[in-house]
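To start, the structure under review is shown below, and the notes come after it.
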Protein chains: 2
Amino acid sequence: MTIIQSLARGLEILDMLADAEQGMGIGEFAHHLNVDKSSASRLLHTLASYGYAEQDADTRRFTLGPRVVTLSNRVLNRMPLRDHAHPFLRRLTHETGECSHLAILSQGRALYIDQVESPSILRVESEIGTMSPLHCTALGKVLLAFSRHAQVDSLPLFTPRTITDPEALKLHIEQVRRQGYASDDEEHVQGVRCIAAPVYGFNGRVVGAIGISGPAGRVSYEKLPALTETLIGLADELSRRLGSSR
Amino acid sequence: MTIIQSLARGLEILDMLADAEQGMGIGEFAHHLNVDKSSASRLLHTLASYGYAEQDADTRRFTLGPRVVTLSNRVLNRMPLRDHAHPFLRRLTHETGECSHLAILSQGRALYIDQVESPSILRVESEIGTMSPLHCTALGKVLLAFSRHAQVDSLPLFTPRTITDPEALKLHIEQVRRQGYASDDEEHVQGVRCIAAPVYGFNGRVVGAIGISGPAGRVSYEKLPALTETLIGLADELSRRLGSSR
DNA sequence: CAACGATGTTGCGCAATATGCAACTAAAGA
DNA sequence: TCTTTAGTTGCATATTGCGCAACATCGTTG
């Protein structure tokens, strides 16, 4: 499987642009890509001419262009999973009082593609389009446990409770697979506890995961069994709606 | 300005993917790009390896990958509301003849971050950067009604019409929420009447408000329905421009 | 069941194309 | 005004992407 170098470089530039809050200049791109300024210049202008990058007229720096917004809308609108899942997220939040999310596997991360926010003032903020690590989030663990090609390369530490030992994670994921849901007990963000369950598609494969996140004080150990039962019930109902025969 | 051919081809593939509801096969790409199947194959796999395209395991057809959702999220988060709203303010002033404003919530006040002044001699003076109270201005009421973290501590009296009773304000804000716009009938400055409507961002949250202000003699009760219709139309169009799906 | 067609991938030689260098331009500081 | 920093363009070179053809993989049909 041959990779086209100049296309790959262009895509890497997009990745860099995604992380550059204040935009970047030609020189920085050249440096990061280990190419000459001239090459970077030509790549950037190619991206710009297609609307994937935008150049500030004054500073000459480049930022991500609006073209990706259109593409994103296409992606999200075509996701039947999202349309079917949304009412379930609403019910999930309604019945639990906590913020609910829908995530899919993307590039070895959990990509949040929908959410319904908790009505309470104290809540977990998050955004559609963000990607979270698999090893320390409930949604991520579910995707890791039930998807075929899911893998983790590294296990960075986020909180004292983050699992960083590959063997421990393996056992943990085995357990997730057995019990049919996953939890995240302040392993990603201090004070935030989550649970998640898999969503199965018509072919019996896991197509995504839904879950809730809330402050540890509210998502208490006593409430967890009830919350988990609600969650799994809704996840299974959604799976059946999607044509899963499970 | 030289264009890098293979990057351009990759971006053209993204454009094609954006329009392909059901995905596309290698052959179709090759045909549309006038290249050999082999080249199309390599380009597609390069895109796929970066998450910009995705291949259905069964049909082998390619669709847009979820990577663009993340990029879009970055773009939208960085979108300076001001830049996008300005042309709408111009249109608003052009169509109504009154001064128009863009405001966001800041520190429990309405912060005016942009304006377009009325062409007429008799006009309401105001400055970008000023902050107005929420309880007695149209923009403020909209932000109060539609933003989450908005709250008012005190209700100081400005004119005889200023609402100073918390309960009355609560009911008033409920009404604003129901009708989708707010008005200020000389409640802040004697002789000045305003209307305002919410502006929604890509995530469906209210990111700001736009409105018009004018002398009560010109912004008459008879004209209000027409002015309100214009305002709401522009506010909604701006919201859509910002990626709101409402 | 074998032969076929449709679709996609890989190896390879060739030439088109992307690259780096250097010269040039433009803008910003000193 | 001179210097520094940042980016663009021309050009020669060889790297890189290209098409061709052979191969692989399905699914179909006689």
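Side-chain atoms are counted along with the backbone in the values below, which use heavy atoms only and exclude waters and symmetry mates. Naming: A, B, ... by sequence-line order, numbering from 1 per chain.
Using a 4.0 Å cut-off between charged side-chain N and carboxylate O, A:Arg240 and A:Glu237 make no salt bridge.
Positionally, the nearest nucleotide of DNA chain C for A:Thr2 lies more toward the 5' end than for the other of A:Thr2 and A:Ala40. Both B:Lys37 and A:Lys37 sit near DNA chain D, but only A:Lys37 has its closest nucleotide nearer the 5' end.
One interatomic measurement links the two molecules: CD of A:Glu28 to C1' of D:dT5, which rounds to 13 Å at whole-angstrom precision. Rounded to whole Å, atom C1' of D:dT5 lies 16 Å from atom NE2 of A:His31. Note: NE2 (A:His45) to P (C:dA18) measures 16 Å, nearest angstrom. One interatomic measurement links the two molecules: CG of A:Leu47 to P of C:dA18, which rounds to 13 Å at whole-angstrom precision. The separation between A:Leu33 atom CG and C:dA18 atom P is 15 Å, rounded to whole Å. Atom P of nucleotide C:dT7 and atom CG of B:Asp58 are separated by 17 Å, given to the nearest angstrom. Between the P atom of D:dA6 and the CD atom of A:Gln55 lies a distance of 15 Å, rounded to the nearest Å. For the pair A:Ile26 CD1 and C:dT19 C1', the interatomic distance rounds to 15 Å; values are reported in whole Å.
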Could you go through A:Leu155 and A:Asp165, starting from their C-alpha distance and side-chain angles, then the distance that decides it, and tell me whether this counts as side-chain contact (heavy atoms from CB on, under 4.5 Å)? CA-CA 7 Å; A:Leu155 304 175; A:Asp165 175 38; 5.8 Å; no
The test is side-chain hydrogen bond (donor to acceptor under 3.5 Å, both in side chains); show your working for B:Thr70 and B:Arg74 and say whether it passes. CA-CA 6 Å; B:Thr70 307; B:Arg74 302 293 173 91; over 6 Å; no
Begin from the C-alpha positions of B:Thr46 and B:Arg42 and carry the test side-chain hydrogen bond (donor to acceptor under 3.5 Å, both in side chains) through to its verdict. CA-CA 6 Å; B:Thr46 303; B:Arg42 294 185 263 250; over 6 Å; no
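Considering B:Gln22, B:Glu54, B:Glu28 as possible partners of B:Arg61, the one that fulfils the side-chain hydrogen bond (donor to acceptor under 3.5 Å, both in side chains) test is B:Glu28.
Remark: B:Leu44 CG to B:Leu17 CG distance equals 6.5 Å, nearest 0.5 Å.
Between the B:Ser72 side chain and the B:Val68 main chain, no donor and acceptor come within less than 3.5 Å of each other. Remark: side-chain polar atoms of A:Asp184 are paired, donor with acceptor, to backbone N or O of A:Glu187 under 3.5 angstrom.
Aromatic ring orientation, A:Phe158 versus A:His135: tilted (interplanar angle from 30° to 60°).
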Provide a list of protein-nucleic acid N or O atom pairs under 3.5 angstrom, restricted to nucleotides 15-18 of chain D.
from, atom 1, to, atom 2, distance (Å)
D:dT16, OP1, A:Gln5, OE1, 3.3
D:dT16, OP1, A:Gln5, NE2, 3.3
D:dG17, OP1, A:Gln5, N, 2.8
D:dG17, OP1, A:Ser6, N, 2.9
D:dG17, OP1, A:Ser6, OG, 3.3
D:dG17, OP2, A:Gln5, N, 3.3
D:dC18, OP1, B:Arg9, NH1, 2.4

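A heavy-atom distance below 4.0 Å to DNA chain C is reached by none of the residues of residues 12-22 of chain B.
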